[in-house]
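Everything below concerns the one structure shown next.
A quick note: this is a predicted structure, and the numbers were derived from the prediction, not measured. To find a chain, count down the sequence lines: A is the first, B the second, and so on, and within it residues start at 1.
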Amino acid sequence: MSLVNVGGPVMIGPSSSHTLGALRIGRFGNYFLGKTPDKAEFFLHQSFGQTYMGHGTDRALLAGVMGFGDADRAVKDALGIALSRGLVYSFHQEDLGEVHPNTVKMLLYDGADSQEIWASSIGAGMIRIIKINGVECDLSGAYPTLILVNKDIPGALNMILEKIDANVANLYLRRINKLLAKALTIVELDSDLSLRSLLEIKSLPVILEAYYVKSLSDVAQDRVGGLL
Amino acid sequence: MTFNAIKRLAVDSGLPLHEAALVADMTESGNNPEETRAQLSEFLRVILEESEKQYGKAQDTLTGLTGTNAKKAHDRGVLYHSRFTHVAIVASLSICESNASMGRVVACPTAGASGVIPGIFYALSKENAFPFAHLLPGFILASAIGNVIAAKATLSGAAGGCQAEIGSAAAMGAGALAYLSGGDAETVDSAAALVLKSLLGLVCDPVGGFVEAPCVKRNAIAVTAAISAAELALSGVTSVIPFDETVDAMRRVGQTLPMELRETGLGGLAATRTAKQLVDRIQTRFQKP
């Protein structure tokens with residue numbers, strides 16, 4: 001912890017875990033898509049599912065997928081704003097298994113494409129992205145993050161890392177499908193990637209899909225302990 | 001980080017207590033003291049702005065369990081308290097009811113305990129005409145007191161009960177008030193310790209798990225306790241148990257609190273007949289289109 005963590009942050013109430021964390025999870029989805037989806041389905045686990053209306057978790061998640069900031073007063077009116085922007089949404093209670101009580105599964109649609117993101121709000125506004133399109137991970141959202149679907153062939157990782165012009169903080173690498181020789185590479189970076197670097201990575205022959213998720217920035221990296 | 005370490009650093013360096021806290025924070029977190037000062041200054045600015053904006057207003061809260069308390073207290077005016085304490089109570093209720101209606105708050109130290117610090121600082125600004133520049137050292141010190149608690153124990157209701165949230169907020173507020181009233185390091189230590197001791201063992205038992213009952217009114221009662229503690233300390237009353245050790249005690253008490261009394265909505269007030277009836281009514285309210 002630090003003085004800044006204790007003295008703030010500025011946020012929309014009522015709860016850092018059920019409101020602020022939810023907002024940041026939604027915003028990760030917005031950054032991942034690079035836009036507001038045209039349809040969003042939220043599946044809320046345990047505490048999230050049981051108390052979401054009394055904590056404004058639903059409004060916060062929607063505000064997040066529309067890209068709203070932590071202290072945006074419009075979070076309160078997110079349901080109406082989503083309707084007026086043509087964003088179709090639904091909320092469901094669902095048992096998501098052995099995960100943190102404050103976990104949500106988001107299905108975000110952009111035309112025919114959809115992305116499935118699982119995330120937990122672990123207290124004090126801190127979040128963890130725990131699954132992206134079926135692949136487990138553990139992202140804080142605090143770092144700029146590169147998410148790549150690449151060919152599962154020797155040398156692929158080298159080619160990717162060679163093009164990255166920022167310092168790598170964390171690296172996740174998992175095989176998605178052995179038969180199709182596809183792997184998912186997630187790279188958390190200490191600073192933003194240059195546009196040139198990103199374009200070079202996207203044009204690599206081993207890259208099948210590439211997503212660049214900018215940092216949620218106001219999520220403190222060192223914040224610990226769950227605040228109400 | 002301990003409060004004793006900050007006090008020692010202040011003596012050794014000759015720095016004022018809040019400046020020593022900034023240096024101690026830099027040593028631990030690596031944060032630039034000037035950036036920290038600027039960030040905390042922005043938090044304090046929002047606290048005063050929101051206090052002014054929400055003061056004494058009725059709010060439409062998420063569950064409807066609260067929302068009219070700030071207005072009632074404001075409209076009735078002072079009964080027994082000083083004007084200062086009255087303003088602190090109203091500001092505290094106002095911020096907490098704004099929080100419960102998805103207003104903008106500063107989570108200092110948490111969203112659930114976000115009313116205590118605005119109570120103290122808004123009253124100092126309104127009733128004692130403290131300019132912003134004079135309030136800031138107190139806010140820095142309040143954050144440092146909270147940081148000591150975070151390091152030695154916890155600020156989380158789910159981990160340590162309400163003593164860790166509103167109890168901590170009261171300790172931060174009492175320490176800041178003592179400091180801004182000219183108290184030295186020992187006076188600040190006693191003020192913070194006196195109020196934390198008085199709220200030791202306080203459980204986190206919100207009705208339905210929502211940040212409204214009893215959280216909103218507890219913030220207002222806690223701000224009066226913080227003012228009382230500061231006043232005692234400034235009159236020379238000392239805490240028999242020093243602040244650092246009081247925080248250790250708070251941690252141990254928190255560890256022995258059962259899960260039902262740590263933000264689960266299962267024990268304490270949340271388990272009463274009335275609470276259960278209210279939760280049923282809230283569910284009906286939510287099902288309305």
Quiz item: Pick from B:Glu50, B:Glu212, B:Met26, B:Glu42: which one has the most heavy-atom pairs with chain A under 4.5 Å?
Solution: B:Glu50
Self-check item: Top contributor to chain A contacts, counting heavy-atom pairs under 4.5 Å, from B:Leu40, B:Ile145, B:Leu22
Solution: B:Leu40
Quiz item: Between the main-chain N or O of B:Gly209 and the side-chain N or O of A:His55, is there a donor-acceptor pair closer than 3.5 Å?
Solution: yes
Exercise. Write out, in numerical order, the residues from residues 75-110 of chain A with a heavy atom short of 4.5 Å from a heavy atom in chain B.
Key: A:Val75, A:Lys76
If I compare all heavy atoms of [X] with all of [Y], which pair ends up nearest, and what's the gap?
X: B:Val211; Y: A:Ser15; answer: CG2-CB, 4.1 Å
X: B:Ser143; Y: A:Gly7; answer: OG-CA, 3.7 Å
X: B:Thr63; Y: A:Gly54; answer: CG2-CA, 4.2 Å

Exercise. Tell me, for B:Met172 versus chain A, whether the close heavy atoms (under 4.5 Å) come from the side chain, the backbone, both or neither.
Key: side chain
Quiz item: Of the backbone (N, CA, C, O) and the side chain (C-beta and beyond), which part of B:Ala151 lies under 4.5 Å from a heavy atom of chain A, both, or neither?
Solution: neither
Self-check item: Contacting region of A:Thr51 [heavy-atom separation from chain B under 4.5 Å]
Solution: both
Quiz item: Roughly how far, to the nearest 0.5 Å, is the NE2 atom of B:His18 from the CG atom of A:Leu3?
Solution: 11.5 Å
Practice problem: Identify, with sequence neighbours excluded, every residue that meets salt bridge (Lys or Arg N to Asp or Glu O under 4.0 Å) alongside B:Asp25. | Solution: none
Quiz item: Going by residue number, which parts of residues 96-106 of chain B are within reach of chain A, meaning a heavy-atom gap below 4.5 Å?
Solution: B:Asn99, B:Ala100, B:Ser101, B:Met102, B:Gly103, B:Arg104, B:Val105, B:Val106
Practice problem: Go through the structure and list residues passing side chain to side chain contact (heavy atoms under 4.5 Å, CB included) with B:Ser168, not counting sequence neighbours. | Solution: B:Ile149, B:Leu155, B:Met250
